[in-house]
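Below: one structure, written as structure tokens.
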Amino acid sequence: MMAKTSPLEFLQQVSAETAKVVWPTRRETGITTLMVVIFAFVASIFFFIVDMIIRYGVTLILGIGR
């Protein structure tokens with residue numbers, strides 16, 4: 001069975017664990033956000049091109065839309 005902890009002891013443990021967290025700087029957060037936006041844009045362009053290629057292939061094979 002697990003040992004029971006009191007609410008006060010729990011809050012002390014939470015405080016101790018929170019003190020161990022290494023928070024990112026404003027610069028690191030900005031760079032990470034910019035990278036996410038750039039990669040999302042690149043991925044959207046990639047999937048748009050792949051979609052166009054697949055649509056062309058399906059249209060060529062099935063002859064739909066002529």
Side-chain angles (χ1 to χ4, degrees):
M1 249 197 329
M2 292 178 31
K4 291 188 177 190
T5 56
S6 69
L8 181 61
E9 186 179 355
F10 174 74
L11 290 176
Q12 288 173 343
Q13 291 174 355
V14 169
S15 178
E17 289 299 319
T18 304
K20 295 177 186 177
V21 174
V22 178
W23 298 101
T25 64
R26 182 177 296 271
R27 183 173 187 273
E28 290 172 334
T29 303
I31 290 172
T32 304
T33 302
L34 182 63
M35 293 303 292
V36 167
V37 170
I38 290 171
F39 279 114
F41 180 74
V42 169
S44 68
I45 297 299
F46 171 76
F47 286 116
F48 176 75
I49 293 170
V50 169
D51 182 54
M52 296 300 286
I53 292 169
I54 291 172
R55 184 184 339 179
Y56 176 75
V58 169
T59 302
L60 189 66
I61 291 171
L62 299 179
I64 299 173
R66 288 187 185 184

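What's counted below: heavy atoms across the whole structure, side chains too, no hydrogens, waters or symmetry copies.
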Which pairs of donor and acceptor atoms, one on a side chain in residues 36-43, lie under 3.5 Å apart (sequence neighbours left out)?
none

(request) Give a yes or no on whether Phe46 and Ile54 share a hydrophobic cluster (residues Ile, Leu, Val, Met, Phe, Trp, Tyr; joining criterion: side-chain heavy atoms under 4.5 Å apart). (result) yes
(message) Using the rule that Ile, Leu, Val, Met, Phe, Trp and Tyr join whenever any side-chain heavy atoms are under 4.5 Å apart, tell me whether Tyr56 and Ile45 fall into a single cluster.
(response) no
(request) Drop me the distance from Ser6's OG to Leu11's CG, to the nearest 0.5 angstrom. (result) 8.5 Å
(message) With side-chain hydrogen bond (donor to acceptor under 3.5 Å, both in side chains) as the rule and sequence neighbours excluded, what pairs involving residues 17-27 come up?
(response) Glu17-Lys20
(request) Tell me, please, which residues at least two apart from Glu28 pass salt bridge (charged side-chain N to carboxylate O under 4.0 Å, His left out). (result) none
